[in-house]
2 protein chains.
Amino acid sequence: MTCSARYAPQLRARGFRMTPQRLTILHVLHHEGTHLSPLNVFKKAVQELPGLTEPTVYRTLEFLAQNGLVRSSHDGSGHLTYEIAAADHHHIVCRICKAEIEVEHSLLAPLYQTLEAASGFTNIDSHVTFFGVCPNCQRQ
Amino acid sequence: MTCSARYAPQLRARGFRMTPQRLTILHVLHHEGTHLSPLNVFKKAVQELPGLTEPTVYRTLEFLAQNGLVRSSHDGSGHLTYEIAAADHHHIVCRICKAEIEVEHSLLAPLYQTLEAASGFTNIDSHVTFFGVCPNCQRQ
DNA sequence: AATGTTGTTGCAAGAATTTGCAATAAGGAC
DNA sequence: GTCCTTATTGCAAATTCTTGCAACAACATT
Ligand SMILES: [Mn+2]
Ligand SMILES: [Mn+2]
Ligand SMILES: [Zn+2]
Ligand SMILES: [Zn+2]
């Protein structure tokens with residue numbers, strides 16, 4: 001299935017348009033499979049679509065995140081990073097060496113229950129990054 | 001107890017120096033009590049210490065966070081925000097209206113156990129921000 | 001296929017954040 | 001109190017990110 005066929009309907013259903021810019025950015029993230037900084041998205045996407053500009057990339061990533069097609073998370077240094085929205089998951093990043101692993105959402109599900117009950121907030125749905133010390137760095 | 005008496009030893013013990021810049025920034029955060037953006041820290045601190053510059057503020061906040069004297073977290077829009085390190089806590093931010101509440105760390109303690117057991121990471125210690133929909137916004 | 005509406009983009013300018021490096025000054029040693 | 005070492009800062013420049021607005025183009029309608 002092509003990226004266009006997959007994503008265009010999701011946008012149209014919400015009254016938005018599919019554009020070459022959005023399609024290219026989705027295509028880049030879809031085939032990258034991992035987190036990318038906005039600038040790296042721009043660098044790869046502008047090769048596929050000459051004329052694309054940085055402001056468009058920043059705005060588009062934000063827009064796609066808002067609409068659930070991509071997901072944002074934080075790298076160690078406080079900057080946003082984006083990936084295509086797929087299976088719900090979270091991350092643990094090593095404070096020392098920056099190594100990163102994924103954790104299944106199921107591990108957090110009980111916490112979300114607790115938080116919703118305790119706070120009155122609903123639809124808690126975050127892509128969270130925790131920080132710790134990885135097994136490797138523990139040996140030093 | 002003065003800010004200097006409280007914080008200087010913590011830095012010296014790690015081989016770092018206390019400076020007017022660091023003291024002023026700590027003083028601002030200490031008396032503010034809540035999260036502040038780097039730029040807001042700068043604006044308040046430069047009034048107490050004319051000549052202070054932005055690069056110093058950014059570097060100092062990062063440095064103090066690294067050394068546990070302040071804590072950083074993410075506002076809704078992906079930017080870092082800083083507060084003086086006090087009781088361990090986390091946040092839930094409303095996706096709609098940006099309202100923010102604190103949650104006690106005790107609610108997350110079981111999760112941290114689970115994560116450490118499942119991942120092999122240790123010293124997981126994050127100041128986490130979750131996103132959801134607040135009680136007010138649920139009514140609309 | 002042509003038209004109209006309005007969601008999107010590029011451009012230019014501005015604001016926020018980072019980096020390299022030489023000058024400065026904190027604090028230990030004497 | 002003076003001297004030394006080197007951690008820290010200010011400055012200038014570069015980079016990254018944001019914003020306002022006019023031109024453009026997606027796509028629904030005819
Ligand atoms: Mn992820
Ligand atoms: Mn906090
Ligand atoms: Zn590590
Ligand atoms: Zn709300």
Side-chain angles (χ1 to χ4, degrees), chain A residues 3-5 7-28 35-46 48-67 69-70 72-82, chain B residues 3-5 7-28 35-46 48-67 69-70 72-82:
Chain A
C3 276
S4 175
Y7 298 117
Q10 299 187 50
L11 292 184
R12 299 236 179 80
R14 291 164 170 260
F16 298 115
R17 300 172 183 174
M18 177 54 82
T19 66
Q21 291 84 349
R22 287 175 179 172
L23 187 57
T24 304
I25 289 168
L26 283 165
H27 187 264
V28 164
H35 297 181
L36 241 36
S37 73
L39 214 52
N40 283 333
V41 171
F42 170 73
K43 286 176 184 164
K44 287 178 190 273
V46 75
E48 298 182 19
L49 187 72
L52 179 68
T53 62
E54 278 112 332
T56 296
V57 171
Y58 284 97
R59 280 185 291 222
T60 298
L61 288 171
E62 165 75 18
F63 165 84
L64 293 173
Q66 209 92 78
N67 288 281
L69 303 208
V70 311
S72 65
S73 61
H74 294 283
D75 63 354
S77 56
H79 284 175
L80 279 184
T81 243
Y82 294 85
Chain B
C3 277
S4 175
Y7 297 117
Q10 298 186 51
L11 292 183
R12 300 236 178 81
R14 291 165 170 260
F16 298 116
R17 300 172 183 174
M18 178 53 82
T19 66
Q21 291 84 352
R22 287 176 179 170
L23 188 55
T24 304
I25 289 168
L26 283 165
H27 186 264
V28 164
H35 297 181
L36 241 36
S37 73
L39 214 53
N40 282 333
V41 171
F42 170 73
K43 286 176 186 164
K44 288 178 189 274
V46 74
E48 298 182 18
L49 187 73
L52 179 69
T53 63
E54 278 110 331
T56 296
V57 170
Y58 284 97
R59 279 186 292 222
T60 299
L61 288 171
E62 163 77 18
F63 165 84
L64 293 173
Q66 208 92 79
N67 288 281
L69 303 209
V70 311
S72 66
S73 61
H74 295 282
D75 63 354
S77 57
H79 285 175
L80 279 185
T81 243
Y82 296 84

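Computed from heavy atoms alone, side chains included, the values below leave out hydrogens, waters and symmetry copies. In what follows, every chain begins at residue 1, and chains take the letters A, B, ... in the order their sequences are listed.
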[X] has a side chain; which of [options] sits nearest to it?
| X | options | result |
| --- | --- | --- |
| B:M18 | C:dA26, C:dT17, C:dG27 | C:dG27 |
| B:Q21 | D:dC11, C:dT8, D:dT9 | D:dT9 |
| B:T56 | D:dT9, D:dC11, D:dC17 | D:dT9 |
| A:L39 | D:dC27, D:dA26, D:dC17 | D:dC17 |

Within a strict 4.5 Å, meaning less than it, do heavy atoms of the [X] and [Y] side chains meet?
| X | Y | answer |
| --- | --- | --- |
| B:H79 | B:S37 | no |
| A:Y58 | A:L39 | yes |
| A:T81 | A:N40 | no |
| A:F63 | A:N67 | yes |
| A:L69 | A:L11 | yes |
| B:C3 | B:L23 | yes |

Handout entry: Whether B:H74 and A:H74 hold their rings parallel, tilted or perpendicular, with breakpoints at 30° and 60°
Key = parallel
Starting from [atom2] on [N], measure out to [atom1] on [X] and report it in whole angstrom.
| X | N | atom1 | atom2 | answer |
| --- | --- | --- | --- | --- |
| A:Y58 | D:dG20 | OH | P | 18 Å |
| A:N67 | C:dT8 | CG | C1' | 14 Å |
| A:R12 | C:dG7 | CZ | P | 15 Å |
| B:L52 | D:dT8 | CG | P | 15 Å |
| B:F16 | C:dG28 | CZ | C1' | 16 Å |
| B:R14 | C:dG27 | CZ | P | 16 Å |
| B:E54 | D:dA12 | CD | P | 13 Å |

Problem - Degree of bending, the helix from C:dA1-D:dT30 to C:dC30-D:dG1 (end axes from five pairs; round to 10°) - result: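 Computed angle between terminal axes is 30°.
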Handout entry: Check: B:R22 side chain, B:R17 main-chain N or O, donor-acceptor pair, under 3.5 Å
Key = yes
Exercise for the section: Identify, between B:L49 and B:H79, the residue whose nearest nucleotide on DNA chain D lies closer to the 5' end. Expected result: B:L49
Practice task
Given side chain to side chain contact (heavy atoms under 4.5 Å, CB included), test A:V70 with A:L26 step by step and report yes or no.
Solution key: CA-CA 8 Å; A:V70 311; A:L26 283 165; 4.1 Å; yes
All N/O contacts under 3.5 Å from nucleotides 20-25 of chain C to the protein, with atom names and distances to one decimal?
{"residue": "C:dG20", "atom": "O6", "partner": "B:R59", "partner atom": "NH1", "Å": "3.3"}

Exercise for the section: Using a 4.0 Å heavy-atom cut-off across all strands, classify B:G51 as base, sugar-phosphate, or nothing. Expected result: sugar-phosphate
Practice task
Return no unless some side-chain N or O of B:T19 is found under 4.0 Å from OP1 or OP2 of D:dT9.
Solution key: yes
